[in-house]
Amino acid sequence: MDINLKLTQEFSLKPWQVENVIKLIDDGNTIPFIARYRKEATGSLDDQLLRSLFDRLTYLRNMEEQKEKIIASIESQELMTEEILQSIENASTLTELEDIYRPFRPKRKTRASVAKAKGLQGLADLIYAQEKGSKTPLELAADYLNDEVPTAEEAVNGAKDIIAEFVSDDPAGRKMLRYSIKNNGNIVVTGAKEDLGVYEMYAEYSEPIKSIPSHRILAINRGEKEDYLKVSLDYDKIVGLTILNNLHIKNNSPTTDAVIEAIDDAYSRLIFPSIERELRNTLTDTANESAIKVFAENTRQLLMQPPVKNKITLGLDPGYRTGCKVAVVDETGKVLDTSVIYAVPPHNKVEEAKRIIKDLVKKHNVNMFAIGNGTASHETEVFAAEVIKELNCSITYMVVSEAGASVYSASKLAAQEFPEYDVSLRSAVSIARRLQDPLAELVKIDPKAIGVGQYQHDMPQNRLSSALDDVVEDCVNSVGVDLNTASSQLLNRVAGISSAVAENIVKYRQDNGAFSSREEIKQVSKLGPKAFEQCAGFLRVSESKNVLDNTAVHPESYAAATQLLKLCGVTEDDVRSGNVAQVQSYIETEGTAAVAQQLGIGEPTLIDISKEIAKPGRDPRDELPAPMLRTDVMGMEDLKAGMELKGTVRNVIDFGAFVDVGVHQDGLVHISQITDRYIKHPSDVLKVGDIVTVWVLAVDVDKKRISLTMKEPKK
């Protein structure tokens, strides 16, 4: 197989793009580096497409390796033919390869292998041949009787076992049946218990295999795993037998009925159960990939939420019995103060709590509150809103997801970061920092603990972890990292930086003070030339004398960037002050191609350099809508049908989206209520963090369910 050609066709790319990407990957370059700094070589392919191409390249290379192993195995058995070799080389999936190899795979003891050991292969061949005018199977069996096969009936039954296994191993039959079952079969679900709880809708359920959505597969699988449901595939056996008979029945012969019986046995005992397992595994794999894709995209949007910069923040980690933990952090996330208040039941020390919060606000000039959304969150929000009202100032607040905060607070990392605070106070710090800079704080937590997907605990954890790690890496590198303030966890996500090197960077900082330039990181232990090449462009040093060290311009392009500034009569001080309009004017006047040629760089690199010069230290998240900050509070009981609200999308799933409208219970906008036009998936329209207008359809306070619509009601 020509892997390059196949990738070119599958991804609709040009041959040179695929060739260059493969070479860059094989040379040890990271995906973020290739996406950002090798645009000329790739044709400006983005990181997500590059990862998809890399995954497919890995799959195809694994398949080629598997083909070589299969060819070697069949040749060692001296059974290779030109036809078999051709079919192996033409196979386009691992399933096809498995079908071809099935007859040659060393088998455990089977009914057919036992029959072959008794010398019945010859009889099976005679019966399967179905020659007109031949003897009956019982008559043919007379020549194959021995001590192990004393009767003709036993001989014929053994021969039919051999034929059944042969029919089962036939790649053509399996392929045709697999296709037919997939397109014409149904998934059938029945209840395994009287009380099915959340699985009640599946008590008697059936749906075509070809159209069942991924989220339903995952729900059914979970119900089966928890012993609430029984699941099977339903398919017309007569259709299946007709497919096999058309392949294996040759003539109307005295042996034909025996072959038909063997085919029936092959279908019922061997083929259908095997294909049923395969298809269910395939459906599960597809559903998992779909769910992982949704989870990854939600995580990407969550991590890329705009930071709330330059705000002194008071974090509140709500609780009943143990009180509400309080932490004040400055604009950089440094902890200024901590406390514990008891404003809610069972203590109800409201006035004392108000005094403590007001004192902290005045002492540290607090600008906003971040309130965790866990236990006692609603009561704490009501309390916070009252304090803000009494202070009569410009403080706003936001309820922040606590997902993963407790995991982080109890981690070794948190203990190292805040050895002087107990677990609960660390959580309050984390909540405050999440509002200030979601990416820098959430990067410390296992992405699976953030909780913006569906059925994440049922998915293959290695695959999920890999996908989410890729997302975190892409987000961190697209934003860039401050070399002098970043934690080792954040640095570890930068392209080319291992966990050991990240620790060494932090240690170097502690021993030698702040980095004065990008070039200085070459002094860090174990950070070699290749690592520097991969990571340098993603690190920012705002304190550097070289203004380019605070941009995404790679050091390899410094000479070109400096020459561009000279051509335009722009100084580094001009860049710092934003007085760089003449750079864009020069490029527009001379033409991008001409200026790029003049500088000896590609056009994509020139465009990127000019953008970075225009906004040194820019954060791509600043271009997104700011998060919704509140000053008032509502409860579910305040909601009425038809009410118009503003909300924040918290989770996008296959069948809709959950929107936070400020009542501590996210409302569901079903996919049918998102827009009037047809959409394949809610993510076609919505992403995590979007600020949307919704209308209340229905509220069930007892069941804590809110139904919302994004379609404006007709007046």
Side-chain angles (χ1 to χ4, degrees), residues 13-25 27 29-47 49-50 477-480 483 495-496 516-522 529-530 532-542 544-620 623:
L13 298 173
K14 294 183 171 61
W16 62 266
Q17 289 178 292
V18 171
E19 187 178 335
N20 287 346
V21 170
I22 291 175
K23 186 176 187 310
L24 285 164
I25 288 171
D27 285 346
N29 294 288
T30 61
I31 296 297
F33 176 80
I34 296 171
R36 184 67 176 78
Y37 298 113
R38 292 297 179 261
K39 291 181 178 179
E40 287 81 4
T42 70
S44 298
L45 301 181
D46 66 30
D47 49 15
L49 195 148
L50 286 169
N477 288 286
S478 67
V479 170
L483 187 56
S516 59
S517 69
R518 274 177 174 161
E519 192 71 18
E520 192 181 346
I521 64 170
K522 289 182 177 179
K530 186 68 176 181
F532 179 81
E533 176 195 52
Q534 298 297 305
C535 75
F538 303 112
L539 299 172
R540 308 283 182 268
V541 187
S542 56
S544 176
K545 292 179 182 177
N546 186 342
V547 71
L548 297 176
D549 280 353
N550 194 32
T551 70
V553 177
H554 196 281
E556 66 187 11
S557 298
Y558 277 11
T562 303
Q563 188 180 348
L564 176 63
L565 293 176
K566 285 180 181 176
L567 287 171
C568 302
V570 173
T571 66
E572 287 199 11
D573 286 339
D574 290 332
V575 175
R576 288 190 179 90
S577 63
N579 184 24
V580 293
Q582 54 266 54
V583 173
Q584 195 57 40
S585 299
Y586 179 80
I587 293 172
E588 289 173 2
T589 303
E590 299 294 322
T592 307
V595 176
Q597 188 174 6
Q598 195 175 8
L599 299 175
I601 56 177
E603 290 183 54
T605 298
L606 172 62
I607 292 167
D608 285 345
I609 288 173
S610 65
K611 285 180 180 176
E612 291 300 318
I613 286 172
K615 289 183 179 179
R618 77 187 183 98
D619 188 330
E623 297 166 13

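Values below: all heavy atoms of this structure, side chains included; hydrogens, waters and symmetry mates excluded.
In plain terms, the two heavy atoms of Thr42 and Gln17 that are nearest each other are O-NE2, 2.9 Å. Lys545 and Glu572 get closest at one heavy-atom pair: O-OE1, 3.1 Å. Residues Ala41 and Asn20 come closest through the heavy atom pair O-ND2, 2.9 Å.
With respect to Thr605, the side-chain hydrogen bond (donor to acceptor under 3.5 Å, both in side chains) criterion is satisfied by exactly one of His554, Glu556, Glu40: Glu40. When the options Ile601, Leu606, Val570 are evaluated for a side chain to side chain contact (heavy atoms under 4.5 Å, CB included) with Leu564, the one that passes is Leu606. Of the candidates Thr30, Val21, Leu24, Leu50 forms a side chain to side chain contact (heavy atoms under 4.5 Å, CB included) with just one, namely Val21.
When atom types are taken as modelled, the side chain of Glu612 and the backbone of Ala552 share a donor-acceptor pair closer than 3.5 angstrom. The main-chain N or O of Leu548 is found under 3.5 Å from a side-chain atom of Asn546 such that the two form a donor-acceptor pair. The closest donor-acceptor contact from the side chain of Tyr37 to the backbone of Gly537 lies under 3.5 Å. A donor-acceptor contact shorter than 3.5 Å links the side chain of Asn477 to the backbone of Ala495. Ser557 places no side-chain N or O within donor-acceptor distance of the main-chain N or O of Val553, the cut-off being under 3.5 Å.
Residues Ser610 and Gln584 form a side-chain contact, since some pair of their non-hydrogen atoms from C-beta on lies under 4.5 Å apart.
Between Glu19 and Lys23 there is no salt bridge, since none of the side-chain N atoms of the basic residue sits less than 4.0 Å from a carboxylate O of the acidic one. With salt bridges taken as basic N to acidic carboxylate O contacts below 4.0 Å, one links Glu533 and Arg38.
Residues passing the salt bridge (charged side-chain N to carboxylate O under 4.0 Å, His left out) test with Glu603: none are found, sequence neighbours excluded.
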Requested in this report: Show the numbers, then the answer: is there a side chain to side chain contact (heavy atoms under 4.5 Å, CB included) between Ile521 and Cys535?
Outcome: CA-CA 10 Å; Ile521 64 170; Cys535 75; 3.9 Å; yes
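Side chains of Asp574 and Thr571: a donor-acceptor N/O pair is present below 3.5 angstrom, by distance only.
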